[in-house]
Amino acid sequence: MAAKWLAKSEPSVYSIDDLKKDKKTLWTGVRNYQARNFLRDHWREGDWILFYHSNAEETGIAGLAKVSKSKSPDPTQFDSKSEYFDPKAKRETPIWYAPEVTFVRKFDEVLTLTQIKLEKKLSTMAVLKKGNRLSVQPVTDAEFNRIIEIAGVKL
DNA sequence: GCCAACGTTGGC
DNA sequence: GCCAACGTTGGC
């Protein structure tokens with residue numbers, strides 16, 4: 001069965017609307033080892049992604065995407081002009097990974113962090129843990145299904 | 001803009 | 001390997 005993930009992005013940097021417009025994108029710029037391990041070792045083609053807007057006017061889950069290509073090295077680590085450039089990374093030994101992510105849909109309304117906090121069935125979500133800054137987090141089937149239900153999405 | 005919580009760096 | 005200093009994340 002396909003795994004489920006939550007991935008954070010600041011909408012001022014890259015929003016669900018940007019993904020809708022682009023249809024797909026490489027999930028570049030993750031520079032945290034724990035998050036990197038999820039991207040490199042666990043994201044598989046067909047996995048679901050909850051697109052989370054952080055540092056936003058409306059913080060919360062803004063839509064749905066899918067992993068369309070896994071295990072792809074993040075090209076920005078090799079680009080000396082990129083803010084994500086990593087001089088330690090070599091093409092034959094990449095450090096950072098950027099799976100390709102494809103737009104599925106935008107929620108009619110953002111499922112806000114406030115709503116998530118109020119929802120009993122979502123109380124287990126990693127994103128609610130105090131001080132959890134991980135930009136990539138696993139989501140359980142139960143959590144995912146409840147979110148989809150609240151958002152009124154039929155898959 | 002503030003600041004708590006966390007991850008990373010680097011001296012020892 | 002310890003840990004203080006520093007930088008970043010992200011909610012508010």
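Convention: sequence-line order gives letters A, B, ...; per-chain numbering from 1.
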What is the distance from [atom1] of [X] to [atom2] of [N], rounded to the nearest Å?
X        : N     : atom1 : atom2 : result
A:Asp86  : B:dG7 : CG    : P     : 19 Å
A:Asn37  : B:dG7 : CG    : C1'   : 14 Å
A:Arg31  : B:dG7 : CZ    : P     : 18 Å
A:Leu6   : C:dT9 : CG    : C1'   : 15 Å
A:Leu128 : C:dT9 : CG    : P     : 21 Å
A:Asn32  : B:dT9 : CG    : C1'   : 15 Å
A:Glu83  : C:dT9 : CD    : C1'   : 14 Å
A:Arg133 : B:dG7 : CZ    : P     : 6 Å

Does [X] have a side-chain nitrogen or oxygen under 4.0 Å from the phosphate oxygens OP1 or OP2 of [N]?
X        : N      : value
A:Tyr52  : C:dT9  : no
A:Lys8   : C:dG10 : yes
A:Lys130 : B:dA4  : no

- Message: Using a 6.0 Å distance limit plus a 45 degree cone around the ring axis, check whether A:Lys4 lies over the aromatic ring of A:Phe144.
- Response: yes
- Message: Here's one to test your reading of the geometry: is the NZ or CZ of A:Arg91 within 45 degrees of the ring axis of A:Phe78 and under 6.0 Å from its centre?
- Response: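 The answer is yes, since A:Arg91 meets both limits relative to A:Phe78.
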- Salt bridge or not for A:Asp41 and A:Arg44, using N-O below 4.0 Å?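 The answer is no: the pair does not qualify as a salt bridge.
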- Query: Should the pair A:Glu143-A:Arg146 be classified as a salt bridge under the 4.0 Å nitrogen-to-oxygen rule?
  - Reply: no
- Message: Once you apply a heavy-atom cut-off of 4.0 Å, does A:Lys117 come out as touching a base, just sugar-phosphate, or nothing?
- Response: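 Sugar-phosphate: the residue A:Lys117, judged by heavy atoms under 4.0 Å, touches backbone atoms but no base.
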- Message: Need to verify one output field. Residue with the more 5' nearest nucleotide on DNA chain B, A:Asn132 or A:Asn55?
- Response: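 Whichever sits nearer the 5' end wins; that is A:Asn55.
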- Item | Options C:dT8, C:dG11, B:dT8, nucleotide nearest the side-chain atoms of A:Leu113 |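 Of the candidates, C:dG11 comes closest.
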